[in-house]
**Q** 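Structure provided below as structure tokens; questions to follow.
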Number of protein chains: 2
Amino acid sequence: MSDRSEALASYPEPALKAVCGNCTLRELCLPYGLSADDLDRMDGLVTLRRSVARGRSLFRRSDPFEALYSVRSGFFKTCITTEDGRDQVTGFHMAGDLLGLDAIGRERHNCDAIALEDSQVCVVAFSRLERLAREYEPLQRQLHQLMSREIAHDQSMMLLLGGMRAEARIATFLIDLATRLVQRGFSGSAMVLRMTREEIGLYLGMTLETVSRSFSKLQLDGVLEVRQRQIRIIDQDALLRIATPA
Amino acid sequence: MSDRSEALASYPEPALKAVCGNCTLRELCLPYGLSADDLDRMDGLVTLRRSVARGRSLFRRSDPFEALYSVRSGFFKTCITTEDGRDQVTGFHMAGDLLGLDAIGRERHNCDAIALEDSQVCVVAFSRLERLAREYEPLQRQLHQLMSREIAHDQSMMLLLGGMRAEARIATFLIDLATRLVQRGFSGSAMVLRMTREEIGLYLGMTLETVSRSFSKLQLDGVLEVRQRQIRIIDQDALLRIATPA
DNA sequence: CGAGGTGTTGAGATTTGTCAACCTACGTGG
DNA sequence: CCACGTAGGTTGACAAATCTCAACACCTCG
């Protein structure tokens with residue numbers, strides 16, 4: 001749905017006069033909630049866009065932190081690789097999502113961000129964002145809300161990982177994905193996964209085999225139609241019930 | 001170690017002229033990194049302290065969000081209870097920790113905060129904090145860092161919950177606890193747990209029986225000495241190895 | 001058309017959960 | 001000050017969920 005083939009490598013692009021006020025994502029992104037006047041002030045906040053080819057990284061763990069990245073198009077995963085080889089996918093990110101919030105605290109990135117398809121991001125220099133946030137209260141508020149929601153979201157992941165069965169995890173995952181797609185104007189019932197079974201497993205804390213079996217089971221039960229990465233939600237109520245067992 | 005018996009109920013106290021500049025916790029808390037001059041400006045940020053008796057709540061899920069709370073003394077857990085009865089402990093909090101960051105996004109609290117011993121908190125009116133953060137860059141920076149670290153911490157919990165075995169979870173939990181106690185000037189090898197086995201289990205995503213068995217196993221292996229809630233770390237290296245399997 | 005990455009399925013091993021019995025420590029009230 | 005009740009903790013036996021290992025199917029891309 002968004003295969004811009006203009007640029008496949010991962011390098012800075014000449015500034016395209018990125019103006020948040022014109023951006024179709026402004027309802028999802030940092031400028032959300034800002035008035036037209038405030039939007040004008042955002043001018044110059046995004047100085048740069050960057051393209052990242054599928055499979056390449058936007059940043060890597062322990063890279064120095066300089067900017068946040070707002071996904072303009074494409075799809076990313078963020079993941080932490082431990083010394084002992086295991087790794088955990090900490091999130092999947094689509095248009096409008098902000099990447100890098102976990103790096104502010106230590107001034108280094110804490111995870112790798114990998115493009116799962118050819119993608120483009122807006123580069124938000126953090127020092128500039130902080131300065132603007134000091135000047136414009138609505139922007140400050142929006143930044144705090146985004147960070148806070150990230151915390152709340154991660155805590156609901158703790159809930160999922162700490163106490164749900166495999167099927168409930170998958171159901172919750174699909175509902176979350178569908179919700180976000182709907183927010184972006186896509187169908188909430190027919191979707192194409194951008195990640196492998198293994199990546200889903202690393203996100204949901206289970207093996208790829210268990211992911212696969214759960215999909216098969218849900219298909220058998222008439223809740224989903226699964227054909228490789230094409231998923232169709234047939235019975236949304238059932239899915240909700242499975243995500244929240246009695 | 002901190003049994004102030006002055007006030008056992010959960011009610012506001014007359015302002016005690018709380019001045020961050022005098023506070024012994026300033027190295028751990030919001031004012032961290034501020035100069036003496038900046039500290040003066042924090043005057044009036046904390047208008048109120050509150051005592052919370054053991055077992056009582058500081059706030060509950062869906063309470064309107066008005067303030068952050070900095071733990072002055074005592075010990076809290078935060079937890080989310082789902083409709084279906086399960087609940088997940090999202091964190092344990094001791095002196096210097098800031099509670100409520102997850103509520104900014106929705107302007108309602110997302111979890112319950114329960115005192116596990118008689119405790120006292122500083123009440124930080126959030127609107128006032130935001131205003132000050134707009135005026136004093138170092139305070140803004142510190143607030144962002146604290147939120148970011150909370151995100152990074154929650155993500156490392158995802159890693160634990162997503163991929164570690166019971167024993168590794170317990171080992172990681174104890175190391176984290178010991179580290180935080182050391183930061184506060186306590187022993188890192190002998191400690192008294194403030195929470196039940198069940199609460200540990202709800203935090204680490206396992207049953208209380210598995211928690212108990214893991215403690216017993218670690219004791220049998222000569223890594224810990226366990227007597228109820230009194231824990232002594234005998235072999236720190238072994239504990240580290242268990243927390244990070246090959 | 002072949003190769004490699006990805007996905008599915010099966011059988012058996014392992015870990016953890018469940019249920020139940022029992023033990024221990026602590027606080028309360030007689 | 002002691003006895004008892006109760007919440008919390010330990011341990012065992014068994015069940016259930018998930019992981020591991022392995023074989024094979026599918027799809028895409030060169």
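Lettering follows sequence order; numbering is per chain, from 1.
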**Q** In whole angstrom, give the distance that lies between atom CG of B:Leu208 and atom P of D:dT10.
**A** 10 Å
**Q** Nearest-Å distance, CZ (B:Arg227) to C1' (C:dC23)?
**A** 16 Å
**Q** Does any N or O in the side chain of B:Arg72 come within less than 3.5 Å of the main-chain N or O of B:Cys122, such that one atom is a donor and the other an acceptor?
**A** no
**Q** Look at A:Arg60 together with A:Asp112 and state whether they make a salt bridge at an N to O cut-off of under 4.0 Å.
**A** yes
**Q** Taking the nucleotide of DNA chain D with the closest heavy atom to each, which residue, A:Arg165 or B:Phe215, is nearer the 5' end?
**A** B:Phe215
**Q** Can you tell me the distance, in whole Å, between the CZ atom of A:Arg197 and the C1' atom of D:dC19?
**A** 18 Å
**Q** Go through the steps to decide whether B:Val71 and B:Met94 satisfy the test side-chain contact (heavy atoms from CB on, under 4.5 Å), and finish with yes or no.
**A** CA-CA 6 Å; B:Val71 180; B:Met94 53 179 87; 5.7 Å; no
**Q** In this structure, how many angstroms lie between the P atom of C:dC26 and the CD atom of B:Gln230, rounded?
**A** 9 Å
**Q** Between C:dC23 atom C1' and B:Glu209 atom CD, what is the distance in whole Å?
**A** 15 Å
**Q** Which nucleotide in the set C:dG7, C:dT8, D:dT18 lies at the smallest distance from any side-chain heavy atom of A:Ala166?
**A** D:dT18
**Q** Would you please confirm or rule out a distance under 4.0 Å between OP1 or OP2 of C:dT9 and any side-chain N or O of A:Ser216?
**A** yes
**Q** Measuring from the side chain of A:Thr207 (C-beta onward, heavy atoms only), which nucleotide among C:dT8, D:dC19, D:dG9 has the closest atom?
**A** D:dC19
**Q** Quick one: B:Leu218 CG to D:dG9 P, roughly how many Å, whole number?
**A** 16 Å
**Q** At under 4.0 Å between heavy atoms, what does A:Arg213 touch on the DNA or RNA strands: base, sugar-phosphate, or nothing?
**A** base
**Q** Verify side-chain contact (heavy atoms from CB on, under 4.5 Å) between B:Met191 and B:Ile233, making sure each step is shown before the conclusion.
**A** CA-CA 9 Å; B:Met191 57 185 100; B:Ile233 297 175; 3.7 Å; yes
**Q** Begin with the C-alpha distance, continue with both residues' side-chain angles, and end with the deciding distance and a verdict on salt bridge (charged side-chain N to carboxylate O under 4.0 Å, His left out) for B:Asp237 and B:Arg241.
**A** CA-CA 6 Å; B:Asp237 291 348; B:Arg241 260 178 280 119; 5.4 Å; no
**Q** Rounded to whole Å, please give me the gap between CZ in A:Arg229 and P in D:dT28.
**A** 10 Å
**Q** Taking atom types as they are modelled, is there a donor-acceptor pair under 3.5 Å from the base of D:dC26 to the side chain of A:Gln228?
**A** no
**Q** Should the pair B:Phe59 and B:His109 be assigned to parallel (<30°), tilted (30 to 60°) or perpendicular (>60°) ring geometry?
**A** parallel
**Q** Side chain to side chain donor-acceptor pair (under 3.5 Å) with A:Gln88: which residues, sequence neighbours excluded?
**A** A:Arg86
**Q** Starting from the first five and the last five pairs of the helix from C:dC1-D:dG30 to C:dG30-D:dC1, work out the angle between the resulting helix axes, to 10 degrees.
**A** 40°
**Q** In whole angstrom, what separates A:Met164's CE from D:dA17's C1'?
**A** 16 Å
**Q** Any idea which of D:dT11, C:dG17, C:dG7 is nearest the B:Ser212 side chain?
**A** D:dT11
